[in-house]
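So the structure is just underneath, and the comments pick up after that.
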There are 2 protein chains.
Amino acid sequence: MSAATLSPPPSRGLLPLRDVTAAEVAACCAPLVREPIAADDAESLARVLKALADPARLRLVSMVAAHEGGEACVCDLTEPLGLSQPTVSHHLKVLVEAGFLTRSKRGTWAYYRIVPGSLEGVAGLLAGV
Amino acid sequence: MSAATLSPPPSRGLLPLRDVTAAEVAACCAPLVREPIAADDAESLARVLKALADPARLRLVSMVAAHEGGEACVCDLTEPLGLSQPTVSHHLKVLVEAGFLTRSKRGTWAYYRIVPGSLEGVAGLLAGV
DNA sequence: CTTAAACATCGACAGACGTCAATATTCATG
DNA sequence: CATGAATATTGACGTCTGTCGATGTTTAAG
């Protein structure tokens, strides 16, 4: 593909072609209760919150964070969660794309870790810093 | 139905027949990242987060909180939100049932207010107190 | 009692979401 | 290269969700 015709300078890191991550959304706007949040910011924050607003994904975040070494592979999570392997992989992907987890592959295993500060960032937005 | 065979003492105010509110869920469990969250707690927290994880509802919470006097009626919210009156009423109901807003009717108007501490409570759960 | 205003509820519909089985991909090992 | 293991992707299915128009409910004012 041509590098010249594609890739216009993405506006500024906010609202690029990719979805906004948990870290980015945390440094975007005034606290929720001070002034009405902008429609665009509401959309971004909602997308990030949606990634967390699922029982399976909350448990995954918690299990990864609480796992020894601060990381866990899919094989560690499937059985205690009680969901199929494809479903667990799907949820992990959602959490990675939202910016809450990172994925690093070593051998055949994929290890997931919490992105430091991602939960705190979203929490700070809700609580009004 | 027999009262003896059915209705064992409901565990303790958590997971009653009604859904758990934002205030209740904040005093339920250890921080998300210390130990794996229980399945029931994950379900409750997800329900509360789901109520916030929508652009229109985030804007409603923000608009109500930022409105003069800390309260707003449906008529204040419909036009700036750009959604129909039934849709706004629906979203407000979701937020009330989740424990983020209260509703008080005066005359023909219904005034909505933020439940103090509700946002902070959920935020505290995410950030690990 | 009628009317009008503010809000809630209902019914319907399109789109998003969570889940799984089946299959594809990637990688270490023999 | 062939095999097996760990994970990702695909396709399908039922359910949930956001939205609206139409209608119901409640209250204040003539």
Side-chain angles (χ1 to χ4, degrees), chain A residues 19 39-40 42-64 67 69 71-98 100-113, chain B residues 19 39-40 42-64 67 69 71-98 100-113:
Chain A
D19 281 351
D40 287 353
E43 198 103 27
S44 299
L45 180 52
R47 229 187 331 249
V48 171
L49 284 176
K50 237 179 251 285
L52 274 186
D54 178 88
R57 290 196 286 269
L58 282 174
R59 294 182 66 191
L60 281 174
V61 166
S62 185
M63 290 165 70
V64 166
H67 203 263
E71 66 178 6
C73 61
V74 181
C75 57
D76 294 322
L77 305 167
T78 300
E79 187 266 342
L81 199 65
L83 292 175
S84 74
Q85 174 265 315
T87 300
V88 173
S89 276
H90 163 68
H91 285 310
L92 289 170
K93 182 179 184 179
V94 171
L95 289 169
V96 167
E97 286 176 344
F100 289 108
L101 296 182
T102 58
R103 188 186 96 114
S104 68
K105 197 159 190 183
R106 295 201 299 273
T108 24
W109 289 270
Y111 291 93
Y112 290 86
R113 289 184 157 275
Chain B
D19 280 353
D40 288 352
E43 198 104 25
S44 299
L45 180 52
R47 232 189 326 251
V48 171
L49 284 176
K50 239 180 249 284
L52 275 186
D54 178 89
R57 289 196 286 268
L58 281 174
R59 294 183 66 191
L60 281 175
V61 166
S62 185
M63 289 165 69
V64 167
H67 203 264
E71 66 178 7
C73 62
V74 181
C75 58
D76 294 322
L77 306 167
T78 300
E79 187 267 339
L81 233 172
L83 292 176
S84 74
Q85 175 266 316
T87 300
V88 173
S89 276
H90 162 68
H91 285 311
L92 290 170
K93 182 178 184 180
V94 171
L95 289 168
V96 168
E97 287 177 343
F100 289 108
L101 296 182
T102 58
R103 189 185 96 113
S104 68
K105 196 159 189 181
R106 295 202 297 273
T108 21
W109 289 271
Y111 292 93
Y112 289 87
R113 289 184 158 276

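A, B, ... follow the sequence lines: proteins, then strands. Residue 1 opens every chain.
Side-chain contact between Val96(B) and Tyr112(B): present, with at least one pair of heavy atoms (C-beta onward) separated by less than 4.5 Å. The shortest side-chain heavy-atom distance between Leu77(A) and Leu92(A) falls under the 4.5 Å cut-off. Here the side chains of Val48(B) and Phe100(B) are in contact, with some heavy-atom distance below 4.5 Å. Side chains of Glu71(A) and Arg106(A) form a contact here, defined as non-hydrogen atoms less than 4.5 Å apart.
A donor-acceptor pair under 3.5 Å is formed between the side chain of Lys50(B) and the backbone N or O of Ala53(A). Without hydrogens or angle criteria, Thr78(B) side chain to Val74(B) main chain gives a donor-acceptor distance under 3.5 Å. In this structure a side-chain-to-backbone donor-acceptor pair under 3.5 Å is missing from Arg113(A) to Thr102(A).
Nearest-nucleotide mapping onto DNA chain C: of Asp54(A) and Val74(B), the residue sitting toward the 5' end is Val74(B).
If you measure from atom CZ of Arg47(B) to atom P of dT17(D), you get 11 Å, rounded to the nearest angstrom. Between the NE2 atom of His91(A) and the C1' atom of dC20(C) there is a distance of 11 Å, given to the nearest Å. Atom CG of Leu60(B) is separated from atom P of dG18(D) by 12 Å (rounded to the nearest Å). Following rounding to the nearest Å, Arg59(A) (CZ) and dG18(C) (P) show an atom-to-atom distance of 15 Å. Regarding Leu49(A), its CG atom lies at a distance of 14 Å from the P atom of dC17(C), rounded to whole Å. Between the CG atom of Leu77(B) and the P atom of dA6(C) there is a distance of 14 Å, given to the nearest Å. Glu79(B) places its CD atom 14 Å from the P atom of dC7(C), with the value rounded to the nearest Å. Here dA8(D) presents its C1' atom at 11 Å from CG of Leu92(A), a figure rounded to the nearest Å.
One finds the CG atom of Leu52(B) at 11.5 Å from the CG atom of Leu52(A) (value rounded to the nearest 0.5 Å). Between the CZ atom in Arg103(B) and the SG atom in Cys73(B) there is a gap of 12.0 Å [rounded to 0.5 Å].
Residue His90(A) is in base contact, counting any heavy-atom pair closer than 4.0 Å across all strands shown.
Residues of residues 80-88 of chain A that place a heavy atom closer than 4.0 Å to DNA chain C, in numerical order, are Leu83(A), Ser84(A), Pro86(A), Thr87(A). A heavy atom lying under 4.0 Å from DNA chain D marks the following residues of residues 103-113 of chain A, by number: Arg103(A), Thr108(A), Trp109(A), Ala110(A), Tyr112(A).
Between dT17(D) and Lys50(B), no contact under 4.0 Å exists linking OP1 or OP2 to a side-chain N or O.
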